[in-house]
J.: 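Got a structure for you, written out below as structure tokens; questions coming shortly.
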Amino acid sequence: MNKADLERAVITETDLDGYEVNPILAGPSASRRTADPAACTPVVQALGGSSGFTATARTGRVIFSKKHGPGASMILSSHSAGDAARVIDAFRTAAERCKTFKDIRADFRYDEAELRPDPGYGDESVSLRLTQLAADSADEDPVRVPFAVVAVRQGTTVVMFYAFNLPAGPRGKEPAVIPDAIIKAQLNKLGKLTDSK
């Protein structure tokens, strides 16, 4: 799929009742984010909705609940068939291995990374929960920010959904979740476009 195809495939507010949908920037180049240890890099890249693979095209949206419920950000990436499978495989492998690691560029640590049961979306999917440790200095007690990532491959398109809970918000200490309604609406629309081609 090219950029125009992806833009037609991405959900809008008419596809998702009760949510506001806004575009976010997403270029086709591979993510340059890296982790320590290096084996955890695919998880760090997925936290920004990307991967270490250059895409044919990418588009992104941030989705807010109008009823103050959880929302999410998502990036749709179109790849060759081989690379689409490799994106998911790299993320799954890193998610299995990595319990604690550091995002080198952002200088954040993550811990409590937990690979969740396969949610069964699309052709293959991976779900991960983890906690970001945000601190201004090494002497400061970090603020714990719950994160969630769900990566789905549908054909040659990979959709990365990611979300976090604001520490001062109503769900601050709860595990982060990505609403099922958002995932299903996006995969349904993507499937319809793919079937019609």
Side-chain angles (χ1 to χ4, degrees), residues 1-17 19-33 40-63 70-98 115-130 147-163 176-197:
M1 278 204 264
N2 59 29
K3 179 79 169 176
D5 291 332
L6 280 187
E7 293 296 342
R8 283 193 295 274
V10 76
I11 51 174
T12 67
E13 288 173 24
T14 58
D15 304 307
L16 196 58
D17 191 38
Y19 291 88
E20 179 183 333
V21 181
N22 295 309
I24 51 177
L25 288 174
S29 57
S31 173
R32 292 196 181 99
R33 290 172 75 169
C40 303
T41 292
V43 174
V44 165
Q45 292 169 338
L47 290 168
S50 192
S51 72
F53 295 84
T54 299
T56 307
R58 277 195 178 96
T59 190
R61 296 293 184 272
V62 60
I63 302 141
S73 299
M74 67 176 189
I75 305 289
L76 281 70
S77 302
S78 180
H79 293 275
S80 68
D83 276 358
R86 287 181 197 105
V87 169
I88 296 294
D89 186 55
F91 177 55
R92 183 189 294 110
T93 300
E96 286 169 347
R97 290 179 182 165
C98 297
L115 184 64
R116 308 285 297 160
D118 182 351
Y121 296 120
D123 294 321
E124 54 180 335
S125 53
V126 181
S127 176
L128 179 70
R129 279 186 185 156
L130 63 165
F147 266 77
V149 184
V150 175
V152 183
R153 181 182 67 80
Q154 192 151 302
T156 59
T157 303
V158 173
V159 191
M160 293 274 192
F161 302 89
Y162 54 104
V177 297
I178 293 152
D180 201 45
I182 293 175
I183 296 174
K184 286 186 171 172
Q186 181 55 71
L187 297 180
N188 185 44
K189 187 166 186 180
L190 179 60
K192 283 179 179 172
L193 182 81
T194 307
D195 291 345
S196 68
K197 291 198 85 174

J.: Applying salt bridge (charged side-chain N to carboxylate O under 4.0 Å, His left out), can you list everything that pairs with R116, at least two apart in sequence or on another chain?
T.: E114
J.: One pair to check against side-chain contact (heavy atoms from CB on, under 4.5 Å): M74 and I11. What are the steps and the verdict?
T.: CA-CA 10 Å; M74 67 176 189; I11 51 174; 3.4 Å; yes
J.: What is the minimum heavy-atom distance between A72 and A163, and which atoms define it?
T.: CA-CB, 4.2 Å
J.: What do the steps show when you test I63 against Y19 for side-chain contact (heavy atoms from CB on, under 4.5 Å), and what is the final call?
T.: CA-CA 6 Å; I63 302 141; Y19 291 88; 3.6 Å; yes
J.: Nearest 0.5 Å, what's the CZ-CZ distance between R92 and R153?
T.: 9.5 Å
J.: Report the residues that fulfil side chain to side chain contact (heavy atoms under 4.5 Å, CB included) with D180, sequence neighbours left out, ordered by chain and then residue number.
T.: Y121, K184
J.: With sequence neighbours excluded, tell me which residues meet side chain to side chain contact (heavy atoms under 4.5 Å, CB included) with A81.
T.: T156
J.: Which residue pairs pass the salt bridge (charged side-chain N to carboxylate O under 4.0 Å, His left out) test with at least one member in residues 77-86, sequence neighbours excluded?
T.: D83-R86
J.: Hey, what do you get for CG (L16) to CG (N188), rounding to the nearest 0.5 Å?
T.: 11.5 Å
J.: Taking side chain to side chain contact (heavy atoms under 4.5 Å, CB included) as the test, write out the residues that go with Q154, two or more places apart.
T.: L187, L190
J.: Does S125 have any side-chain hydrogen bond (donor to acceptor under 3.5 Å, both in side chains) partners at least two apart in sequence or in another chain, and if so, which?
T.: D118
J.: Could you pull out all residues at least two apart from S29 that satisfy side-chain hydrogen bond (donor to acceptor under 3.5 Å, both in side chains)?
T.: none
J.: Among V158, V159, I24, whose side-chain contact (heavy atoms from CB on, under 4.5 Å) with I75 holds?
T.: I24
J.: Considering residues at least two apart in sequence or located in another chain, which fulfil the side chain to side chain contact (heavy atoms under 4.5 Å, CB included) criterion with V177?
T.: P70, R129
J.: Does M160 reach the side chain of V87, with side-chain heavy atoms less than 4.5 Å apart?
T.: yes
J.: Does the side chain of F91 reach to within under 4.5 Å of the side chain of L128, using non-hydrogen atoms?
T.: yes
J.: Determine whether T59 and E7 satisfy the following criterion, side-chain hydrogen bond (donor to acceptor under 3.5 Å, both in side chains), listing intermediate values before the conclusion.
T.: CA-CA 7 Å; T59 190; E7 293 296 342; 2.6 Å; yes
J.: State the CD-CZ distance between Q45 and F53, to the nearest 0.5 angstrom.
T.: 9.0 Å
J.: Would a 4.5 Å heavy-atom cut-off, applied to side chains only, mark I183 and F161 as touching?
T.: yes
J.: Sequence neighbours excluded, which residues qualify as side-chain hydrogen bond (donor to acceptor under 3.5 Å, both in side chains) partners of E13?
T.: none
J.: Please list all pairs meeting side chain to side chain donor-acceptor pair (under 3.5 Å) that have one or both residues in residues 70-81, counting only residues at least two apart or in different chains.
T.: R58-S77
J.: Kindly state each residue pair satisfying salt bridge (charged side-chain N to carboxylate O under 4.0 Å, His left out) with at least one member in residues 24-33, sequence neighbours excluded.
T.: R33-D103
J.: Only counting residues at least two apart or in another chain, list the ones meeting salt bridge (charged side-chain N to carboxylate O under 4.0 Å, His left out) with E96.
T.: none
J.: Stepwise, does the side-chain contact (heavy atoms from CB on, under 4.5 Å) test hold for Q186 with V10?
T.: CA-CA 7 Å; Q186 181 55 71; V10 76; 3.6 Å; yes
J.: If every non-hydrogen atom of A26 is compared with every non-hydrogen atom of G60, which pair is closest and at what distance?
T.: CB-N, 3.9 Å
J.: Quick check: do T157 and L6 have side-chain heavy atoms less than 4.5 Å from each other?
T.: yes
J.: Search all heavy atoms of A84 against all heavy atoms of G155 and return the closest pair with its distance.
T.: CB-O, 4.1 Å
J.: Could you grab the distance from atom CG of L130 to atom CZ of F147, nearest 0.5 Å is fine?
T.: 7.5 Å
J.: Evaluate E124 against D89 for side-chain contact (heavy atoms from CB on, under 4.5 Å), listing each step before the verdict.
T.: CA-CA 10 Å; E124 54 180 335; D89 186 55; over 6 Å; no
J.: Are V126 and V150 side-chain neighbours, meaning at least one heavy-atom pair lies under 4.5 Å?
T.: no
J.: Okay, side chain of D15, backbone of A185: is any donor-acceptor separation there less than 3.5 Å?
T.: no
J.: Measure across A30 and T54 and return the closest heavy-atom pair with its distance rounded to 0.1 Å.
T.: N-OG1, 3.6 Å
J.: Within the structure provided, determine whether V21 and T12 are in side-chain contact (heavy-atom separation under 4.5 Å).
T.: no
J.: Looking at A94 and V43, what are the two nearest heavy atoms and their distance?
T.: CB-CG2, 3.7 Å
